[in-house]
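Working notes for the structure below.
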Amino acid sequence: MAARAPRPLPEYLAGLNPEQLEAVLHEDGNLLILAGAGSGKTRVITTKIAYLIAERGLAPESILAVTFTNKAAAEMRERACSIEPACARANLRTFHSFGAWFLRRNAAAAGLDRDFTIYDDDDSTTLLRAAFPELSRPEAGKLASAIARAKDYGLTPDAPDLERGFGGKDFRRRYAEYEGRLRQTGNVDFGDLISLPVRVLEREPAIRERVHARFRVIMVDEYQDSNVAQFELLKALAGPEAYVCVVGDDDQSIYRFRGAEVKNILSFPEVFPRTAVVKLERNYRSYQSILDIASRVVENNEGRLGKTLRATRTGGEKPTLAVLRDHDEETAYCIRVIDAHLRTGGSFSDVAILYRTNAQSLAFERAFPPAGIPYRLVGALRFYEREEVKDALALLALASNPRDEVAFRRVANKPARGVGDASLEAVVEAAFLGDGDLVAAAAEARAKSAKARAGLAAFAALMQKLAERLAAPALADDGGRALDDDAPGPSGPPPVAPGAERLSAVVEYAVRESGLLQYHKDQDDIAGSQKTANLDELVNAASDYPATREGLAAFLEAVELDRAMSSGEVSQDAVTLITMHNTKGLEFPVVVIAGMEQGLFPRDDDEGDDLEEQRRLFYVALTRAKDELHLTYCRRRLFRGRIMEYQPSRFLAEVPKELLKSFGGKLDLSIAEAAGAWKTGTRVYHDDHGAGYVARVAPAGEAGVCVTVRFETGRTLQFFPKFTKKLERMGD
DNA sequence: CAATTCGGGATCTGC
DNA sequence: TCCCGAATTG
């Protein structure tokens, strides 16, 4: 193409604003980009990658760019490649996918099999319950998330400051036992995908040097969501010569509960010397009237770096606050908004309804079809989490790794083969005494009952056949060298040789021969569910992979690391129903943020740092809107089958009234008038429940006031004095 | 060992 | 209200 002689800036740089251009061209030292919502940060990253390759002559393989979601990684790849096709050879991945890639190539150094599979939180809980039968399911779940959190902070079971924040000796002991059990299975959890590479890099100078020599440029997107362990990985990956560029927005950090550390942004310039800071504050997405609200809200947080978004788009309507009676009025209001938008020539897909909890989607799902509105529900129950899919995956995981205890426990007796808890435990114990091979142990089991013995033998035979159907790995002959070398490997299935069997045939065989298909078909007939359809979907998903051990491992990794894998068809033009968390990185011309009620968003127990995180979530939600923004508040809402009265969200009080146009009614935050003589502490008598006292008084719109009464019987109930005659004040 | 009943708890959650 | 996990019973 063009000569490499000096020449004017390429055309793809021409559209950048001065700050964006500065960020793209910067290359001396390190770089921290503070990028506000809608400021074009993805454009900056992708342009920078393309620029480094096309203009600065960097080898694509020497660039590593990590994101937090597969979707973001895919988008980055696509946009970078559209500027410079060679970007396809750069390493653009999620943190976890990079970790898996690294560990497979350095499996021996990490003490792992190359074919390890990845345990999710649910699998960890199962493992913990096996290790500690005294724990109930919820207790094991809490322990699993505490361990995951410890790993987020890079703390091993022998970390000195483990006690701080993670309970005492019990936690340390259990964490250590969990690690032992997990290593025994030969598998890893999500935390290991980050922390094991760090340890390998620290321990193995040869590997470290090879990595340092390879990755000259390391970029991290959504840096505000990185946790301590990921920060450690970044430090370990970056050699003295590396150029590190991170992009983030402290105001959009909404994963603190999962270990994300805003401190990673604050301390970046100290850890990485000669760091330049570029702020991107020009917002190309929203009208200023929308940004004003977002800014006023997020200003209530402390400990921000401080940014002020300025809109480049002028004009636009003032956002609306709709004060509504209940969720029926809320759906009706949304339908009006959608209709009005269609009348101006817009489409369904321009509109998104955002809410805090998945349960809120139900009202819209019921109201939209009769109104002729197609909708698309994002991320409610993820495909891979479904029972039938996890069952099928467990069969495959066990075929891939016969030491996988969690998979074995899940499917050894599903559908029922007459193998009970006692027999199952005996097999696991026998395997532990040997080489850990659970399938072999099942085949040899000396179970008490003939029924259990027969069941285990049948199961072992099935697993044996599955293993046989997986052709030997093509790479076996070279002792795995092809994996040890630093192949660039954008993630994806290994190629299927022409005429070779596809993995989908093996998956179908496994599902059918195990009896899982029939089992779930029966469930479908009883409950009218879609389980067999989902199993079909899983079979389809496997068709891109070859029926080899390597193909299976790649398939399992893809499924485990891309949880968004959808089930079913995506309709083209539909309104989006989505939780606020799921909207990060998205934008819509018309946004409705539904359910602005105190107790729902934020919850009443959100205080301090939790409250600030919820406020950032609100900020994220607000800044998704391009043209039109609506907030809805319902005075009553159905909550767990009961109609409850709600006050407006405290976040609404943080928005100056003049920034919102009101619909339906004005907020009245003063309760004194409606409360009348109902005051906290008042003694009362109820015809049905006897004596008690008022514990709480809350405004309830047209219903006047809602009083919470604690009775001497110990019960606590809520009443609307306006509607009941059974509740009386005593001593009046 | 499997089926049924009963009772407690109920958020969001990138990978 | 609804769903899941534990206990109980056949």
Side-chain angles (χ1 to χ4, degrees), chain A residues 66-73 93-100 118-122 125 129 133 135-141 145 148-149 151-152 188-194 221-227 229-230 233 252-260 354-360 362 379-382 384-385 387 413-424 447-452 455 491 527 557-565 578-586 595 599-606 610 613-614 616-618 620-621 638-644:
Chain A
V66 289
T67 63
F68 283 83
T69 68
N70 286 291
K71 210 162 107 193
R93 301 172 167 271
T94 65
F95 256 116
H96 291 87
S97 146
F98 174 81
I118 301 160
Y119 279 163
D120 64 15
D121 304 351
D122 201 51
T125 303
R129 289 206 73 191
L135 296 182
S136 72
R137 169 79 223 227
E139 285 167 339
S145 61
R149 186 73 42 79
K151 290 192 179 189
D152 286 343
V188 300
D189 60 22
F190 280 117
D192 290 337
L193 291 177
I194 309 300
D221 190 18
E222 303 281 10
Y223 185 66
Q224 76 281 353
D225 288 331
S226 63
N227 60 38
Q230 286 159 338
L233 179 57
Q252 292 189 70
S253 170
I254 56 174
Y255 290 104
R256 195 186 68 91
F257 68 94
R258 226 166 168 162
L354 278 51
Y355 39 77
R356 177 71 177 84
T357 67
N358 279 314
Q360 286 167 261
L362 193 63
L381 184 55
R382 280 178 305 267
Y384 88 102
E385 274 178 356
E387 178 197 1
N413 191 39
K414 189 171 184 178
R417 293 184 182 86
V419 185
D421 285 346
S423 309
L424 213 58
K448 289 194 189 84
S449 74
K451 209 164 92 184
S491 53
E557 178 179 317
V559 169
E560 208 54 61
L561 290 184
D562 190 359
R563 309 177 146 207
M565 197 175 90
I578 190 169
T579 62
M580 296 187 211
H581 278 97
N582 272 320
T583 59
K584 192 130 73 104
L586 304 179
L600 190 63
F601 182 52
R603 286 161 59 108
D604 285 323
D605 54 5
D606 285 326
D610 291 336
E613 175 132 316
Q614 295 303 303
R616 290 192 292 269
L617 182 59
F618 188 31
V620 167
L638 214 52
F639 181 73
R640 293 181 200 162
R642 306 180 75 92
I643 293 170
M644 299 282 285

Between [N] ([atom2]) and [X] ([atom1]): distance, integer Å:
{"X": "A/Glu387", "N": "C/dG5", "atom1": "CD", "atom2": "P", "result": "10 Å"}
{"X": "A/Leu362", "N": "C/dC3", "atom1": "CG", "atom2": "P", "result": "11 Å"}
{"X": "A/Arg149", "N": "B/dT13", "atom1": "CZ", "atom2": "P", "result": "15 Å"}
{"X": "A/Arg603", "N": "B/dT13", "atom1": "CZ", "atom2": "P", "result": "13 Å"}
{"X": "A/Leu135", "N": "C/dG5", "atom1": "CG", "atom2": "C1'", "result": "14 Å"}
{"X": "A/Arg616", "N": "B/dG14", "atom1": "CZ", "atom2": "P", "result": "17 Å"}
{"X": "A/Arg417", "N": "B/dA2", "atom1": "CZ", "atom2": "C1'", "result": "15 Å"}
{"X": "A/Asp605", "N": "B/dA10", "atom1": "CG", "atom2": "C1'", "result": "13 Å"}

Identify, between A/Asp421 and A/Thr579, the residue whose nearest nucleotide on DNA chain B lies closer to the 5' end.
A/Asp421

Among the candidates [options], find the nucleotide nearest to the side-chain atoms of [X].
{"X": "A/Tyr255", "options": "B/dT13, B/dC12, B/dC1", "value": "B/dT13"}
{"X": "A/His581", "options": "C/dA6, B/dT11, B/dC12", "value": "B/dC12"}
{"X": "A/Phe68", "options": "C/dA6, B/dG14, B/dT13", "value": "B/dG14"}
{"X": "A/Ala422", "options": "B/dT13, B/dC1, C/dA6", "value": "B/dC1"}
{"X": "A/Arg640", "options": "B/dC12, B/dA10, C/dA6", "value": "B/dA10"}

Electrostatic pair A/Asp610-A/Arg616, nearest N-O below 4.0 angstrom:
no

Can you tell whether the side chains of A/Asp562 and A/Lys71 come within less than 4.0 Å, N to carboxylate O?
no

What I want to check is whether the side chains of A/Gln614 and A/Arg603 have a donor and an acceptor closer together than 3.5 Å.
no

State, without any angle test, whether A/Thr579 and A/Asn582 hold a side-chain donor-acceptor pair at a distance under 3.5 Å.
yes

Could you give me the CA-CA distance, side-chain angles and deciding distance for A/Tyr255 and A/Lys584, then say whether side chain to side chain contact (heavy atoms under 4.5 Å, CB included) is met?
CA-CA 11 Å; A/Tyr255 290 104; A/Lys584 192 130 73 104; 4.0 Å; yes

Would you say [X] reaches [N]'s phosphate, i.e. side-chain N/O to OP1/OP2 under 4.0 Å?
{"X": "A/Ser423", "N": "B/dC1", "value": "yes"}
{"X": "A/Asn358", "N": "B/dT11", "value": "no"}
{"X": "A/Asn413", "N": "B/dA2", "value": "yes"}

Within the 4.0 Å heavy-atom criterion, would you say [X] contacts the bases, only the backbone, or no part of the nucleic acid?
{"X": "A/Arg137", "result": "sugar-phosphate"}
{"X": "A/Asn582", "result": "sugar-phosphate"}
{"X": "A/Arg129", "result": "sugar-phosphate"}
{"X": "A/Phe257", "result": "base"}
{"X": "A/Ser136", "result": "sugar-phosphate"}

Run the side chain to side chain contact (heavy atoms under 4.5 Å, CB included) test on A/Phe190 and A/Leu561 for me, step by step, so that the C-alpha distance in whole Å, both residues' side-chain angles and the decisive distance to 0.1 Å come before the verdict.
CA-CA 9 Å; A/Phe190 280 117; A/Leu561 290 184; 3.7 Å; yes

